[in-house]
Amino acid sequence: ARVTTNLYVGNLPPNVSELQLLTTFGEYGPVGSVKIMWPRTDEEKARGRNCGFVSFMKRDDAAVALDNLKGSDVFGQEMRLGWGKRVAIPPYPLPMPKIQSVSNEPKVDPPPSAPN
């Protein structure tokens, strides 16, 4: 059986965006897809929490992200993480948003990698 690289992310505050998920989980490795299951009904909206999926390009990166982010309150309430069902891995990862990092270290761009 092919192993999943897809993480289920639960208990997300409603104001968290897919871009924020990508930025947070992307610290652990290239991400293939990010999807938040936006609430459709008033009942779902009233719950005040969303869930979503972050699919990594590599299982190892997903496992490290799971270990590091499980139960963390990076978005202000405790995130629930687990393995989701396997999704197709795209040929290229999502580009990471360029954000000003808080650290004072100068940003060094890695050399462009040669295509395989």
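One is the number of the first residue; the rest follow in order along the sequence. For the numbers below, each heavy atom of this structure counts, side chains included, while hydrogens, waters and symmetry mates do not.
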With the 4.5 Å side-chain cut-off for hydrophobic clustering, are [X] and [Y] part of the same group?
| X | Y | value |
| --- | --- | --- |
| V87 | L94 | no |
| L69 | V31 | yes |
| L81 | W83 | yes |

List the residues meeting side chain to side chain donor-acceptor pair (under 3.5 Å) with S72, not counting sequence neighbours, and say none if there are none.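 If we apply the side chain to side chain donor-acceptor pair (under 3.5 Å) test to S72, skipping adjacent residues, there are no hits.
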
In chain order, what residues pass the side-chain contact (heavy atoms from CB on, under 4.5 Å) check against [X], with sequence neighbours excluded?
| X | answer |
| --- | --- |
| S33 | S55 |
| N68 | Y28, V64 |
| M37 | K35, C51, F53 |
| P39 | E44, K45, N50 |

Handout entry: Side chain to side chain, P90 and M57, heavy atoms closer than 4.5 Å
Key =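 Yes. Closest side-chain heavy atoms under 4.5 Å.
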
Donor-acceptor contacts, no H, no angles, side chain residues 6-22, under 3.5 Å, sequence neighbours left out:
{"unit_1": "N6", "atom_1": "ND2", "unit_2": "K85", "atom_2": "O", "d": "2.9"}
{"unit_1": "N11", "atom_1": "ND2", "unit_2": "E78", "atom_2": "O", "d": "2.7"}
{"unit_1": "S17", "atom_1": "OG", "unit_2": "L19", "atom_2": "N", "d": "3.4"}
{"unit_1": "S17", "atom_1": "OG", "unit_2": "Q20", "atom_2": "N", "d": "3.1"}
{"unit_1": "S17", "atom_1": "OG", "unit_2": "Q20", "atom_2": "OE1", "d": "3.4"}
{"unit_1": "E18", "atom_1": "OE2", "unit_2": "I36", "atom_2": "N", "d": "2.8"}
{"unit_1": "Q20", "atom_1": "OE1", "unit_2": "S17", "atom_2": "N", "d": "2.8"}

Of all the heavy-atom pairs spanning [X] and [Y], show the shortest one and how long it is.
| X | Y | result |
| --- | --- | --- |
| E27 | M96 | N-CE, 4.2 Å |
| G84 | T4 | O-OG1, 3.0 Å |
| D67 | K70 | OD1-NZ, 3.8 Å |

